[in-house]
Amino acid sequence: MTSLATRASTADSADLGPHYKWIALSNTTLGMLIATINSSIVLIALPDIFKGIDLNPLESGNTSYLLWMMMGFLVVTAVLVVSFGRLGDMFGRARMYNMGFAIFTISSIFLAITWFDGSEAAIWLIAWRVVQGVGGAFLMANSSAILTDAFPAHQRGLAMGINGVAAIAGSFLGLLVGGVLAPIQWHYIFLVSVPFGVVGTVWAYLKLRDTGVRTKAKMDWWGNLTFAVGLIAILVGITYGIQPYGSSNMGWTNPWVLTAIIGGLIVLGVFAYIETKVESPLFELSLFKNRSFAFGNAANLMGSIGRGGLQFILIIWLQGIWLPQHGYDYSRTPLWAGIYMVPMTIGFLLSAPLSGALSDRFGTRWFTTIGMLITAGTFGALIAIPVDFTYWVFAVILLINGIGMGLFSSPNRALVMNSLPATSRGSGAGMMTTFQNAAMVLSIGLFFSLMIAGLSAHLPAAMFDGLTAGGMPEAPAQGIAQLPTVGILFAAFLGYNPIQQVGGDALQGLSQSSVDHLTGLEFFPHLISDPFADGLTAAFTFALVCCVLGAIFSFLTDEGGKGKPAGDGGDESRESVGEELAAVAAFASGEAPSELIDEPVRR
């Protein structure tokens with residue numbers, strides 16, 4: 001029965017013409033691009049957002065607003081993407097994808113028209129960011145499945161590579177776009193995606209078709225509930241674990257944090273039991289019997305944890321230390337941090353499509369394994385260079401890091417998707433994205449925790465010595481030195497002048513020369529450099545270990561990316577990308593295809 005449905009699906013896709021798969025690729029690529037741009041554009045624009053709504057995010061009562069503004073989108077997509085992938089399997093992937101585009105666009109409009117101030121504005125923004133995450137979950141859960149349905153097996157790596165390029169490039173483009181627009185008017189960072197969202201929504205509605213196998217099944221409500229409750233509890237626990245608790249720099253001993261994490265793990269255990277009993281499970285645990293699916297997802301999880309917090313650490317490194325040391329005012333550091341991280345994007349843009357196309361012909365194992373090992377090596381290189389590095393060395397490391405991530409990303413995604421039966425592509429893609437997004441939140445919590453642990457050992461003493469040497473009396477200097485380390489990190493992350501932010505009244509009684517020295521561009525970067533190196537070593541060593549584990553898991557997969565994937569029909573004719581594009585160009589111009597195209601012209 002499944003084979004008949006698969007053959008019918010393939011025939012339907014062919015009936016749409018040779019250009020349809022490129023329409024599907026371009027539309028899903030646009031969707032991934034605006035989704036990832038919006039996930040990172042907020043990171044770089046946070047200082048201007050909080051200034052615009054007249055709220056200090058570093059005050060103890062406002063830290064939660066800062067955290068949820070950063071991580072709410074990721075938490076929501078991690079929780080919902082499997083459910084929405086399952087809905088795509090049941091009711092049509094294109095239909096669910098179209099709905100996601102519409103929700104994403106509407107939420108962007110409401111984010112752009114925020115008119116409140118203070119905490120009310122923060123809550124409004126967080127609420128609509130959550131809604132935007134719902135739209136993003138629809139897009140992420142179904143884009144891979146739509147591409148897998150539309151493209152033949154021998155071109156899926158290329159399609160996934162181009163789509164993956166958009167996803168990663170969007171996260172870095174967001175930094176640049178946010179850095180340019182936010183100082184002009186922070187509302188623009190949300191408004192900029194509206195026209196693209198409108199075009200994408202209408203385009204998807206008119207052009208995308210459900211060509212995949214649709215599965216009739218009951219919704220696994222208990223599975224949805226326990227999965228959502230368990231994962232939300234764990235991710236919320238991690239989010240609040242990096243906030244101070246009592247006299248501790250972090251909240252991992254907070255009873256509520258421990259309850260959330262332990263309780264979430266127990267609920268996820270109940271979820272796993274439920275999934276073995278229900279007729280139509282949300283999480284098809286049987287898929288993990290497939291070696292490529294199991295080890296491919298394990299490698300993706302390790303790689304995502306290793307790389308997930310990298311962007312945050314690099315932003316802190318550049319904005320809080322390196323850029324001020326080299327004469328950049330704190331008000332300009334967010335934009336220039338985005339610019340100086342461009343080599344990573346270039347590396348990814350170069351390698352991801354190429355590795356995807358080559359893995360279609362030669363298999364995925366060596367691409368994914370070598371990509372993870374290269375990425376691991378770059379973390380070792382980042383540990384080895386000084387905090388006040390020479391930029392060209394830093395740029396080369398980031399370029400190689402991007403190449404390593406690109407070598408891994410596209411073949412890994414194609415491997416996992418090709419390992420799925422046609423009836424499970426939506427839920428399988430959702431499971432893959434859930435691992436990736438949950439790993440992002442987990443890695444941010446772990447990276448920040450490791451950074452805070454490393455900084456806490458030496459930062460208070462360095463702060464006290466530096467402040468008193470700069471002319472501040474011992475009592476206020478001691479008070480500032482004992483402030484939670486996370487506040488110093490957040491100040492650097494936001495591109496604020498940390499000493500100006502935490503100094504407060506203690507700066508008022510000092511001479512102007514002392515104030516200028518303490519709040520100048522040289523004082524804080526030099527003060528924090530040595531303690532920061534300790535935190536950096538801890539965080540990047542952890543990332544290195546994760547990437548090595550990702551390489552091991554990649555090597556343990558079956559040789560994928562060649563031949564017929566699970567659930568596909570018989571042999572498919574192999575056309576080159578050039579032949580495919582020639583057919584598309586001919587169709588667009590209204591002329592007959594050229595003689596390069598193997599498929600005969602129907603007259």
Side-chain angles (χ1 to χ4, degrees), residues 39 57-83 119 122-123 125-127 129-131 133-134 136-137 220-275 282-283 301-302 304-305 308-309 312 430-431 433-453 456 484-487 489-490 493 539 542 546:
S39 68
L58 298 181
E59 290 181 4
S60 57
N62 297 333
T63 309
S64 59
Y65 296 139
L66 172 64
L67 286 172
W68 280 106
M69 199 85 76
M70 287 194 301
M71 299 168 71
F73 185 94
L74 287 174
V75 170
V76 172
T77 52
V79 169
L80 294 179
V81 74
V82 176
S83 300
S119 58
I123 293 169
L125 289 170
I126 290 167
R129 280 287 287 173
V130 167
V131 176
V134 172
D220 177 16
W221 294 111
W222 282 110
N224 274 273
L225 179 63
T226 51
F227 178 73
V229 170
L231 190 57
I232 287 173
I234 291 172
L235 296 181
V236 169
I238 291 170
T239 301
Y240 285 96
I242 62 177
Q243 293 195 60
Y245 173 70
S247 59
S248 175
N249 271 304
M250 290 180 283
W252 297 112
T253 57
N254 185 336
W256 289 107
V257 170
L258 293 173
T259 300
I261 293 175
I262 296 170
L265 290 172
I266 292 172
V267 174
L268 286 183
V270 174
F271 162 74
Y273 175 78
I274 291 172
E275 298 305 276
L282 170 70
F283 235 92
L301 179 68
M302 288 295 101
S304 296
I305 291 175
F312 289 85
M431 292 159 71
T433 307
T434 290
F435 288 132
Q436 188 167 309
N437 287 1
M440 288 288 288
V441 180
L442 177 63
S443 67
I444 291 167
L446 290 172
F447 269 59
F448 267 107
S449 296
L450 291 168
M451 286 294 300
I452 292 167
S456 298
T485 306
V486 69
L489 272 182
F490 280 156
F493 175 75
F542 172 76
C546 286

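Since this is a predicted model, take the numbers as computed values, not measurements.
Using a 4.5 Å heavy-atom cutoff, the side chains of W68 and V236 are in contact. A 4.5 Å side-chain heavy-atom check between L446 and F542 finds at least one atom pair inside the cut-off. Between L225 and W221 there is no side-chain heavy-atom pair separated by less than 4.5 Å.
For the atom pair I234 CD1 and L265 CG, the distance stands at 4.0 Å (nearest 0.5 Å). One distance of note links CD1 of I266 with CD1 of I261; it measures 12.5 Å at 0.5 Å rounding.
What you find for F73 and G136 is that their closest heavy atoms are CZ-CA, 4.5 Å. Contact record, G264 with A233: CA-CB, 3.9 Å, taken as the closest heavy-atom pair. The two residues S449 and W252 come nearest to each other via the heavy atoms OG-NE1, 3.0 Å. Across all their heavy atoms, M69 and R129 have their closest contact at O-NE, 4.2 Å. For the residue pair S304 and S443, the shortest heavy atom distance occurs at O-OG, 4.1 Å. Considering every non-hydrogen atom in both A539 and L450, the closest pair reads CA-CD1, 3.9 Å.
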